[in-house]
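Below, chain A is the first sequence line, B the second, and so on; all start at residue 1.
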There are 2 protein chains.
Amino acid sequence: MQKTGQPTINDVARIAGVSKKTVSRVINKSPLLNGDTRLRVETVIADIGYIPNPQARALALRRNYLVGLVHDNPNAQTVMNVQRGMLEGLQGTEFELVVRPLNRGAQSMLSDLRYFLERQRLFGVLLMPPISENESIVQLCREIGCRYVRMCSVSLDDDAHMVASNDREAVRGAVAYLIEQGHRRIGLIAGPQGFRSATERRAGFEDALREAGLPLQRSLIAGGDYTFESGLVAAERLLDLTPRPTAIFSSSDTMAAGVMHAARARGLDIPRDLSIIGFDDTPVAAHVWPPLTTVRWPTVSMGRSAALKLISGVGEEEELVEEPSLFISTLIRRGSVAPPID
Amino acid sequence: MQKTGQPTINDVARIAGVSKKTVSRVINKSPLLNGDTRLRVETVIADIGYIPNPQARALALRRNYLVGLVHDNPNAQTVMNVQRGMLEGLQGTEFELVVRPLNRGAQSMLSDLRYFLERQRLFGVLLMPPISENESIVQLCREIGCRYVRMCSVSLDDDAHMVASNDREAVRGAVAYLIEQGHRRIGLIAGPQGFRSATERRAGFEDALREAGLPLQRSLIAGGDYTFESGLVAAERLLDLTPRPTAIFSSSDTMAAGVMHAARARGLDIPRDLSIIGFDDTPVAAHVWPPLTTVRWPTVSMGRSAALKLISGVGEEEELVEEPSLFISTLIRRGSVAPPID
DNA sequence: CCCGTACTTGACACCGGTTCCCCTAAGACC
DNA sequence: GGTCTTAGGGGAACCGGTGTCAAGTACGGG
């Protein structure tokens, strides 16, 4: 009778001898239902292998069981980690994940996103940096009534809408470690202008110097944009200085790899002649030589937590575990740091 | 009147003074329509900013404007590249991308996938390796009537359902290059058992030796599973051999990074004491030191082409550009190969 | 024994599109 | 001028779920 082999709610209702509505109640675990009827319907559902049609439900509910990951982040590994975390969080639920990259800085970004959110009627979205810092996007989500969680290097919102990491403190600790090792001339390769993560990490760097009573020299600070090439170029500038810095903190691992290349091109040995610390702990950090000491940014956990926050309160029976909102980035000590040989 | 601000097809019909059906015809570009009416309806659509509801359409059509990427591939960068390619291909269409990772080798993989495909009524899916080699999954797609394209290291199917790369030939060329440089004892780090890519790449390796009239020594072939650690372990075994191989072809970049670590731990200089070629050309290849000579696997292009194949024939007016089905992997010469110093 | 109450359940309309089938009017043909 | 053909467009049902509201049932209290 059905063109598609898929049984529908009508089939279940007919076979079980109840109304559609009753079947609907069973599916949605409505409490006001006779245990007897429920059992009968459940049996039929299991028997014929009925699966509710998500499109029909989305239409009736005016809401989709779809969670989105929206980003304009160029770091594939980071995006992938967050995505993996979200998928872990969504595991076992009826939610699916949709990924939506946006063109960084495009004029049409906001309208693209609006179109996407309105069309798909997403249940919720995770806003990844740097897009998460864009207040007008948050405003858009509120206006449309789409749940959102922002991922950021510092808390910008209330806990229900944030998964934040403690970048500033983490970087402070990393740089303090360099100072502890005896370094006094420490270079910074900062992230791009206008990025919250860049600001926070830079602030952490400055905190550490201040704490140690070290002067803050502008010449020791170079700008990058988180890419390998920018790290290489920035490092060349720092390594041209006299006296040369004995250590460099790079605001991303990828840039740190660029620093390594710049150092090698000058015949410098790492870590003997130059200590390096990165940020992110993407796989490249463990794969370069020497293995990079870096700050682990817990992107997978943040993605998982964000996903759980987004869908919290849906399966009502399950206890609402309070998801953490602050994630601690920790220093991973590998082989790229040593005391200076001054 | 509407609870949500979204205008519906009814609003358009009412304002334009036509029936729903006529509006539907305009949206779907039906040819049997008076140019006058069409214009009027189009004006109203533009005026009130009407966007057809994809859920309603999916329900009526029994088909979703959703394209899936299904994989059980552990290499984040590769997945990300394919995903990026697909998004490029889907750019400007009304299709969205859904990503669905599957647990490698899980007992429930097939039923998980069936559940996913039936529920979401995907328009089509791209099957990434190694999952694409699983015939029962292809069978499932056919049975459900879900379009599919397989991505693989060799063509297993007709062109409409494949994007294939020429791994065997590419590896043959890479190894021939090593031989040309003077290498005679060349080690292979193969991929995991049962993977088509592993088989193809190994076959290419053997082709090159045979062509050059070099003996095929089993001791020079070590097994890996594409991970860094497995590459490191496999390389240790090869480097323990006497005489030591002067070059190693690794079936993945990540394993090649492991090879580099193993070589360094023995005080070997790359490329003076050991030449290395990898496969994939993921970012790590360019970031390690020395930059890794590797085979570029055109994953982004493959993803784009696959997406276009999946949705081909939908927007009927646009000319059907024939998408390529075979992608050529090319050798990228960087700094990890040199003549042996024998 | 009657009635109010709480608990179950069903009928029906609706979400926003699409398809099937039919009607109407204009033009073609004899 | 009448009939046939054809194109344009409308009505109603349908896709498969959900909300609202009211009806039916069992139970306890007065």
Open item on the list: Taking any heavy-atom pair under 4.0 Å as a contact, classify A:Val18: base, sugar-phosphate, or nothing.
Closed with: sugar-phosphate
- [ ] Give me the ring orientation class for B:Phe95 and B:Tyr65: parallel if the planes are under 30° apart, tilted from 30 to 60°, perpendicular past 60°.
- [x] parallel
Task: Protein-nucleotide distance (B:Asp11, atom CG; C:dG17, atom C1'), rounded to Å - done: 13 Å
Task: Selection from C:dG17, D:dG16, D:dC21 that lies nearest to any side-chain heavy atom of A:Arg25 - done: D:dC21
- [ ] For the pair A:Arg114 and A:Glu143, find out whether any cationic side-chain nitrogen is under 4.0 Å from an anionic carboxylate oxygen.
- [x] yes
- [ ] Identify which nucleotide among D:dG17, C:dT18, C:dG17 has an atom closest to any side-chain atom of A:Thr8, counting heavy atoms from C-beta outward.
- [x] D:dG17
TODO: Send over the distance from A:Asn64 CG to C:dC15 P, rounded to a whole Å.
DONE: 18 Å
- [ ] Would you kindly give the CD-to-C1' distance between B:Gln55 and C:dT18, to the nearest whole Å?
- [x] 15 Å
Open item on the list: Looking at A:Phe123, I'd like to know if the NZ or CZ of A:Arg63 sits under 6.0 Å from its six-membered ring centre while staying within 45 degrees of the ring's axis.
Closed with: no
Open item on the list: Below the 4.0 Å mark, does C:dG17 have OP1 or OP2 next to a side-chain nitrogen or oxygen of B:Tyr50?
Closed with: yes
TODO: Using whole Å, report how far CZ of B:Arg14 lies from P of D:dG10.
DONE: 15 Å
- [ ] Using a strict cut-off of less than 4.0 Å between a Lys/Arg side-chain nitrogen and an Asp/Glu carboxylate oxygen, indicate whether B:Glu135 and B:Arg142 qualify as a salt bridge.
- [x] no
- [ ] Please check the phosphate of D:dG8 (OP1 and OP2 only) for any side-chain N or O of B:Thr22 closer than 4.0 Å.
- [x] no
TODO: Starting at atom CZ of B:Arg63, determine the distance to atom C1' of C:dT19, rounded to an integer number of angstrom.
DONE: 13 Å
Task: Nucleotide nearest B:Ser19 (side chain, heavy atoms from C-beta), chosen from C:dA11, C:dG16, D:dG11 - done: D:dG11
Task: A:Ser24 vs D:dG17: side-chain N/O to OP1/OP2 distance below 4.0 Å - done: no
Open item on the list: Between B:Lys20 and B:Arg38, which residue's closest nucleotide on DNA chain D lies nearer the 5′ terminus?
Closed with: B:Arg38
Open item on the list: Check this one for me: any side-chain N or O of B:Asn28 less than 4.0 Å away from OP1 or OP2 of C:dT18?
Closed with: yes
TODO: Report the distance from atom CZ of B:Arg57 to atom P of C:dC15, rounded to the nearest whole Å.
DONE: 19 Å
Open item on the list: Taking 4.0 Å as the cut-off, does a side-chain nitrogen or oxygen of A:Thr37 come that near to OP1 or OP2 on C:dT9?
Closed with: yes
Open item on the list: So for A:Lys21 and D:dG19, does any side-chain atom that can act as donor or acceptor lie under 3.5 Å from a complementary atom in the base?
Closed with: yes
- [ ] Specify the separation, in whole Å, of atom CD of B:Gln6 and atom C1' of C:dG17.
- [x] 14 Å
Open item on the list: I'd like to know if A:Arg304 and A:Glu88 make a salt bridge, using a cut-off of under 4.0 Å between side-chain N and carboxylate O.
Closed with: yes
- [ ] Check whether the side chain of B:Arg62 and the base of D:dG16 form a donor-acceptor pair under 3.5 Å.
- [x] no
Open item on the list: Nearest 0.5 angstrom please: B:Lys309 NZ to B:Tyr148 OH, how far?
Closed with: 12.0 Å
- [ ] Mind calculating the distance between CZ (B:Arg40) and C1' (D:dG10) to the nearest angstrom?
- [x] 13 Å
TODO: Looking at every strand, decide which applies to B:Leu59 at a 4.0 Å heavy-atom threshold: base, sugar-phosphate, or nothing.
DONE: base
